[in-house]
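Single-structure report; data block below.
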Amino acid sequence: MILSALFITSLVVSNLIFQKFFYWDFFGIYTFEISVGILPYPVTFLITDIISEIYGKKKANQVVTTGIFASFFSLLIVYTSEAVPATEWSPIGDELFRKVFGATAIAVFASMAAYLLAQYIDIQLFHFWKNLTKGKHLWIRNNFSTFLSQFVDTFSVLFLLCSFGKIDWELFGGLLLSGFLFKVLIAICDTPFLYLAVYVFRKVFGLKPAEELKFD
């Protein structure tokens, strides 16, 4: 439940805050220009990898599906909040609220299309590498599954946002490169956390290496 809650929170928040963009100078090597919505999103892939490793493919797919319903429910709340008129003394007026959350519908649609494709690819590839390596080398299935799925996710969401006119096509290439490289960097950095989480879960449930929990 805790892993699912963290997954859904990261997913929903990334859709709500995506309109702010920032830059990050990576030790003078490369300057990232990316949406703040990308900050919580890699967490979702880390969590699905943890769930895949301990609870299995079926449970990971269930959490991904649950995230879809949570995202659309958050969209309904945003739409309802936008529809009701603001009072004269409201700190946030209708125009400002609409400016911040007005593109949320497109963002959720684009994010969900990319999210569905990328997450299911990630889970499928994770178990492909797990079977291929016979449960060994956790870092291989973690990174190799995430790299491809994150590229699919970044490309898909940017393509849809550009197609709907929310982002200029001139920015597509730069945002794709920055977004993908940033996610790859995060995926590499989160590998120790995956090992730690898997170690803790295996100790708690008394699981052998590569063993998954069984459910009736």
Side-chain angles (χ1 to χ4, degrees), residues 6-53 60 63-64 67-68 71 103-104 106-130 137-195:
L6 292 173
F7 176 89
I8 292 171
T9 300
S10 299
L11 179 65
V12 171
V13 169
S14 69
N15 291 330
L16 295 178
I17 65 176
F18 86 100
Q19 291 201 85
K20 178 181 177 180
F21 287 78
F22 74 103
Y23 70 91
W24 176 39
D25 185 5
F26 184 65
F27 303 108
I29 301 174
Y30 183 81
T31 300
F32 291 92
E33 292 186 357
I34 43 182
S35 164
V36 294
I38 209 172
L39 296 176
Y41 205 66
V43 176
T44 64
F45 287 86
L46 171 62
I47 293 174
T48 51
D49 283 352
I50 294 172
I51 295 174
S52 290
E53 183 68 15
V63 171
V64 170
I68 298 171
S71 294
T104 299
I106 299 299
V108 170
F109 171 77
S111 176
M112 285 304 95
Y115 157 82
L116 271 174
L117 186 61
Q119 284 286 6
Y120 288 131
I121 287 175
D122 180 68
I123 293 170
Q124 194 68 30
L125 286 177
F126 186 92
H127 285 276
F128 167 79
W129 285 108
K130 186 174 184 178
H137 310 304
L138 176 59
W139 66 271
I140 291 180
R141 54 184 176 275
N142 171 50
N143 287 295
F144 282 20
S145 63
T146 300
F147 290 168
L148 179 58
S149 58
Q150 291 284 26
F151 178 81
V152 170
D153 174 71
T154 307
F155 179 89
S156 301
V157 72
L158 284 174
F159 180 82
L160 289 171
L161 288 174
C162 287
S163 297
F164 283 109
K166 297 301 177 182
I167 296 177
D168 292 333
W169 280 105
E170 291 81 3
L171 301 174
F172 179 85
L175 290 176
L176 175 62
L177 181 61
S178 289
F180 176 64
L181 289 179
F182 182 82
K183 290 177 179 179
V184 166
L185 182 61
I186 295 299
I188 294 172
C189 292
D190 73 21
T191 301
F193 295 99
L194 176 62
Y195 270 88

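What you are looking at is a predicted structure, and each value in this text was computed from that prediction instead of being measured.
With contacts defined as side-chain heavy-atom distances shorter than 4.5 Å, the pair F193/I50 does not qualify. With contacts defined as side-chain heavy-atom distances shorter than 4.5 Å, the pair D122/F147 does not qualify.
In this structure, the separation between CG on N143 and CZ on F126 is 10.5 Å, given to the nearest 0.5 Å. Rounding to the nearest 0.5 Å places CD1 of I186 at 11.5 Å from CG of L181. From F45, atom CZ reaches atom OG of S149 across 4.5 Å, with rounding to the nearest 0.5 Å. Here CG of L6 is found 5.0 Å from CD1 of I47. Values are rounded to the nearest 0.5 Å. Atom CG in L138 sits 8.0 Å away from atom CG in D49 (nearest 0.5 Å). Distance check: L194 CG to L46 CG gives 6.0 Å after rounding to the nearest 0.5 Å.
Around CH2 of W24, the count of heavy atoms belonging to other residues, nucleotides or ligands within 6.0 Å exceeds 12.
Partners of W169 under the ring-ring contact (aromatic ring centres under 6.0 Å, His included) rule, at least two apart in sequence or in another chain, are F159, F172. Among residues two or more places apart in sequence or in another chain, the side-chain hydrogen bond (donor to acceptor under 3.5 Å, both in side chains) test is passed with S52 by none. Residues forming a salt bridge (charged side-chain N to carboxylate O under 4.0 Å, His left out) with K130 (at least two apart in sequence, or on another chain): E53, E212. Qualifying ring-ring contact (aromatic ring centres under 6.0 Å, His included) partners for F7, counting only residues two or more places apart in sequence or in other chains: none.
Closest non-hydrogen pair, S145 versus L125, comes out as CB-CB, 3.7 Å. Residues A60 and T48 approach most closely at CB-O, 4.2 Å, considering heavy atoms. L11 approaches T44 most closely through the heavy-atom pair N-CG2, 4.0 Å.
The salt bridge (charged side-chain N to carboxylate O under 4.0 Å, His left out) analysis of residues 167-191, with sequence neighbours excluded, yields the pairs D153-K183.
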Without placing hydrogens or testing angles, list every side-chain donor-acceptor pair under 3.5 Å for residues 26-40, not counting sequence neighbours.
unit_1: Y30; atom_1: OH; unit_2: S178; atom_2: OG; d: 3.0
unit_1: S35; atom_1: OG; unit_2: F18; atom_2: O; d: 2.5
unit_1: S35; atom_1: OG; unit_2: G37; atom_2: N; d: 2.9

